[in-house]
Structure formats: C-alpha cells, structure tokens
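Just so we're clear, the structure is a prediction, and the values are computed from it rather than from any experiment. Residue indices begin at 1 and follow the sequence shown.
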Amino acid sequence: MSYIPRHSRPGEEPSESSLPKIEQPEQVQPEQVQPERGLSESSLPSLPQTLLSNIIPEQAQQKDSPESLEPSDILDKSEATEVLEKSKKPKKKKKQKKGEASLSDALVEGAQSTPTDLIKSASASSSNESLSDEFLLDAILDADLAVREHPELANPLIITGETPDSEADPSLAKIRRRRWPVTIAIILAVILIGGAVTYYVLSTQALERETNRTAAYVLLDEAIALIQESDQVVVSLDSATTTEVTGANLSEREVLLERVPTTRETLATAEEKAREAIELLTSSEDKEFAQHVIDASVNREDMLTSGENIISKDIEAMNSVLLFGQAWELIVNADTEFRATAELSKTGSYSGLRQAIDRNNAILTSLQQASDLLNQAQEAFADADYSSVTDYVARKMESVQLAIAADQAILDGDIDAVNARNAEFDLKDAEVVDAASKIPPEPLSLITNAYETATAEDHALYDSARANAAEADSYIREYVGVETQTGVQ
C-alpha cells in the first residue's frame, strides 16, 4: 500500500532518487523461528515521514539528506514488499535490551502522550546504536500491530502534531471557502432581521407618538374651549377692577362675585386637561404650545383670585362709603343746627330758651344716628379707621347736653348751675374743636386710603397675572389662530 504525501497530487509517484537505499540484511541462522505475523500488502500502514525519519539508520541519510525528510523519502508499496520477501526466512528475534522500549510500546504509549513525546522516545532508543535491517522490519511489524490495536494512531495528525491549514490541505481551504457564503448569508440575515426589528420599533414609536399627539391636541382644544367659556366672567372681572366703584354698579359686582367660584372650577378643568396633554407630547414646539395653554388658564385663575379680593374690597368699601356718607351728613347738619340754637339761647327769653332746648334734643338724636351709622360703616369695611369721626361725635353730643343743661338752669333761675354748666360747656367745646381738627379735610379719605392699602398687593398680583395671560393669549392666537376673548391687551 503506497503512501501519498500531503503535498503530492493524486497519481504522482515519488522519484526513485529520493527514496532511501536499504541494504538487504544478511541471512542469519535464527535460533528460533520467527512465526509469520500475517502482514499483507493491504495491511501495511502509511507511515508519516516524521516517524520514518527516526527509525531509518543514520547511515542511510548521510548522503544528500536534508535536515527533514521530504514526502518522497517514504517507502512505497514495491520497496515494502521487497523487504518483506527478503525477510521470509525465519530470523532470530533480537532480544530487547534492558531498558530499551520496543517501537510498538512507544506507539501505544504515544496514544496517551503527545506526538512530540513519541518522536523523542523513538529517537532516544536509537541514538546510541545504528538500526539494522532486521530492526527496521521488526519496527514495521510493531507499527502495524500498534495501528491494529489502536486505529487512531493511523491519523498522521496525531503522530506528527501538525495542524492542517489551507496550504497543507487544499480540501480544508475549499471547505472554508464554501463556508463563506453561509457566513455572509447569516450576517446579512442578522442585519435584515435587526433592521426589520429596528424599523418595527421605530415605526411603533412613531405611531404611538402621533397617536399621543392627536390625543393631546384634542385635550388642548377642550382646554381652550373652557378658557373661552371662562372669559365671559374674566372679562367682566377685568372691567370691574379697572373702573371706579359707584353705588350704581355695586350690585353688578355682587353678581360677578357669585360667578367666580364656578369660573374657577372651569379654569381648573382646563388646566388639568392641558397638563394631561403636555405629558403626551414629545416635540418641544408642541410642549411649548401646551405650556402656554396652561399659562393662560393658570394666570386666569390668579386673576380670579386677586380680582375676587379686589372686588370684595370694592363692595365692602363702597358699602362703608354709603353708610359713612349718611353719618357725615347728619354730623354736618347737627353742627349747623347747634349753631342756630345757640342764637336762640342768647335771647334769654322763655320761648327762645325752650326752642333751643327742643332743637338741641333733636340734634342729640341726629348725632346718635350718625354714631350708629359710623359703627355700621366700620363693620362694613374693617380696614378703615373712623375713630377720629366717632370721637368728634361723642364729644359733640356731650357739648350739646351741657348746652341743654345750661338753658334749663336759666329757665329754673339757678344762677350757680348756669355758671357751672357754662364753664363745663366751654371746656367741652374746646375738646370738640380739637376733635374736629383731627378729621381729614376729605373725610372719605379715611376709606379710600384704607382701600388702597388693603388692595395694593392684590392689584399688583392681578396686574402681573393679567400681563402673563395676555402674553399666553398672544402666543395661542399666533400659533393656532384661536381668539380667547379675554380682552386682555
């Protein structure tokens, strides 16, 4: 059986010049007949070159032998047969020296060791003595036996330890080349599948974003509609806070205040819808628009809060003004009447004194009514301070009472009492003059000043919210062309 080297092409015979020369062994009369081991041509194993390089005598390789055997240096079928025929005569089996391992033992041991260890072992066994033809034949037979017992040794890769590559074995390169289309197909499939998955995810996300955007704009439309509905009250409130309060429009403000709570709920709903919408949006431009809708509703709520406080103070102050006006009219009339009665008292006549007493009693009644009205005005608008007026009225009433007592003493003829009451009257009248000086020239300023102080913060908050609402309205009108009907400019 011929061995075809891995670097030879099928059908190409090795050249004779490259084959090693093996001398025919001398026929030695064997002491014992070596039985035929049943080795046939078909059973000859193909021995790798590395193994042969270790068992061929050194003398056979000295001439024209390279450092490592070429594939052509391996025995072919004819020479192996020739060697076998020359060795038909029984030969005495060479006794194995102590410590010398047979080749078959080395091969068997090599099955459990690395190919390099196997080669080193075979080389060591033959390094100290040259191998005879008889030993070579025994080695071939031992190798055959070892291969029969351990078929895996027939694999040259196991013995040589060489790894095939694309240059050593063209068939493997061919296999690798055949695998490339499969590999490329797998890579393309992965790319296509990945692209499809990515496209699906992106498409799903885009569809979800568009669906959310549509839902968000539905909510924003509803929010704007609610804002427009609330503007009916917001516009009226804005007009009320920027116009003068009068008794004629006082009732309108009272009705307006009754509508504020409902309007605040409407704006709160609009704000809630706008905030829900902004959570569904991803575009910064859409979010900005939604934020302006929120600002429009929130600032209107702030306008309602501040405006409600302002309108409430308007109503309180106006009611107080009306009451104070009535009280002040009584006070002025009482002072004028009291001056007239003083002239009657000066006549000293009985009728004159009696008329003065009766009219002064009427003045006391008027002053008492004025005092009651001042108390009501204080209750209506607690922010105002009416103490200067109420103190004047109280002292004026005491002065009138002393004047009545003096006139009565005159009528009774009690001169001492008359002198005493007149002295007391003079002191009290001085107190009245002092109290009157503490009343501002414009008595209503007691209310208006208090009103401005009480509503200053609310007016500032209202103006700020109003400006912010106007800015939000302007953006909404520019963005979608929706009129909010706020009238806020």
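To the nearest 0.5 Å, the span separating CD1 on I331 from CD on Q326 amounts to 12.0 Å. Atom-to-atom distance recorded for L323:CG and L374:CG is 9.0 Å, nearest 0.5 angstrom. With rounding to the nearest 0.5 angstrom, the CZ atom of R209 is 12.0 Å from the CG atom of L281. Of the inter-residue distances, the one linking E276 atom CD with L220 atom CG reads 10.0 Å to the nearest 0.5 angstrom. Note: I294 CD1 to F289 CZ = 11.0 Å, rounded to the nearest 0.5 Å. Taking CD1 from I315 and CG from L257, the interatomic distance works out to 4.0 Å, rounded to the nearest 0.5 Å.
For the ring pair (Phe, Tyr, Trp, His ring centres under 6.0 Å) test, no residue two or more places apart in sequence or in another chain qualifies with Y451. Taking R359 as the reference, E337 meet the salt bridge (charged side-chain N to carboxylate O under 4.0 Å, His left out) condition, with sequence neighbours excluded. Every residue meeting the side-chain contact (heavy atoms from CB on, under 4.5 Å) condition with D385, not counting sequence neighbours, appears here in chain and number order: S387. For the side-chain contact (heavy atoms from CB on, under 4.5 Å) test, no residue two or more places apart in sequence or in another chain qualifies with P261. Contacts of D391 classified as salt bridge (charged side-chain N to carboxylate O under 4.0 Å, His left out), with partners at least two apart in sequence or in another chain: R395.
In summary, the side chains of Y462 and N309 do not present any donor paired with an acceptor at a separation below 3.5 Å, with no hydrogens or angles considered. Checking Q408 against D412 by side-chain atom types alone, a donor-acceptor pair falls below 3.5 Å. The closest side-chain donor-acceptor pair between D295 and Q291 falls under 3.5 angstrom. Side-chain atoms of T246 and N249 form a donor-acceptor pair, as typed in the model, at a separation below 3.5 Å.
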Can you check side chain to side chain contact (heavy atoms under 4.5 Å, CB included) on I278 and D286, steps first, answer last? CA-CA 8 Å; I278 201 172; D286 291 339; over 6 Å; no
Just do the side chain to side chain contact (heavy atoms under 4.5 Å, CB included) check on T341 and D358 with the steps written out, would you? CA-CA 9 Å; T341 58; D358 292 341; over 6 Å; no
Salt bridge (charged side-chain N to carboxylate O under 4.0 Å, His left out) assessment of E279 paired with R275: CA-CA 7 Å; E279 295 297 328; R275 292 191 182 279; over 6 Å; no
Stepwise side chain to side chain contact (heavy atoms under 4.5 Å, CB included) check, D335 with Y392: CA-CA 11 Å; D335 183 71; Y392 169 82; 3.5 Å; yes
Might you work through the salt bridge (charged side-chain N to carboxylate O under 4.0 Å, His left out) test for E343 and K346, ending with a clear yes or no? CA-CA 5 Å; E343 294 297 329; K346 288 179 181 181; 3.7 Å; yes
Checking R354 against D407 for the salt bridge (charged side-chain N to carboxylate O under 4.0 Å, His left out) test, could you report, in this order, the C-alpha distance in whole Å, the side-chain angles of both residues, the deciding distance, and whether it holds? CA-CA 8 Å; R354 177 53 57 189; D407 289 343; over 6 Å; no
Are L219 and E222 close enough, and set up right, to give a side chain to side chain contact (heavy atoms under 4.5 Å, CB included), and what steps lead you there? CA-CA 5 Å; L219 291 171; E222 294 175 355; 3.9 Å; yes
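Under the 3.5 Å distance criterion, the side-chain polar atoms of S464 are left unmatched by any main-chain donor or acceptor of L461. A donor-acceptor pair under 3.5 Å is absent between the side-chain atoms of E424 and the main chain of L402, judged by distance alone. In terms of modelled atom types and a separation under 3.5 Å, the side chain of S306 and the main chain of M303 share no donor-acceptor contact. Between the side chain of S320 and the backbone N or O of A377 there is at least one donor-acceptor pair closer than 3.5 Å. In this structure, T243 contributes its side chain and S239 its backbone to a donor-acceptor pair below 3.5 Å. D414 contributes no side-chain N or O that, together with a main-chain N or O of I410, makes up a donor-acceptor pair within less than 3.5 Å. For T241 (side chain) and L237 (main-chain N/O), a donor-acceptor pair under 3.5 Å exists by modelled atom type.
Looking at heavy atoms from C-beta onward, W328 lies out of side-chain contact with L373 at the 4.5 angstrom threshold. Looking at E308 and L304, their side chains never come closer than 4.5 Å, going by heavy atoms from C-beta outward. Within the 4.5 Å cutoff, side-chain heavy atoms of D383 are placed close to those of K313. Between T211 and L207 the shortest side-chain heavy-atom distance falls below 4.5 Å. Using a 4.5 Å heavy-atom cutoff, the side chains of N375 and S371 are in contact.
H292 approaches A472 most closely through the heavy-atom pair O-CB, 3.5 Å. The shortest non-hydrogen separation linking D302 to A465 is CB-CB, 3.7 Å. What you find for I311 and A240 is that their closest heavy atoms are CD1-CB, 3.4 Å. Contact between P440 and S388 at its shortest, heavy atoms only, is CD-OG, 4.3 Å. Taking both residues in full, the closest heavy atoms of S297 and L267 are given as CB-O, 3.9 Å, listed atom of the first, atom of the second, then distance. Nearest heavy-atom pair, R466 versus D238, reported as atom, atom and distance to 0.1 Å: NE-OD1, 2.5 Å.
Ring-plane geometry between F338 and F425 is classed as tilted, the angle between the planes lying from 30 to 60 degrees on a 0 to 90 degree scale.
The ring of F381 has its center no closer than 6.0 angstrom to the ring center of Y386.
Within the structure, salt bridge (Lys or Arg N to Asp or Glu O under 4.0 Å) pairs that include any residue of residues 436-464 comprise D434-K438 (at least two apart or interchain).
For E272, the CD atom counts as loosely surrounded, since its 6.0 Å shell holds 12 or fewer non-hydrogen atoms of other residues, nucleotides or ligands. Atom CD of E329 is surrounded by 12 or fewer heavy atoms from other residues, nucleotides or ligands within 6.0 Å.
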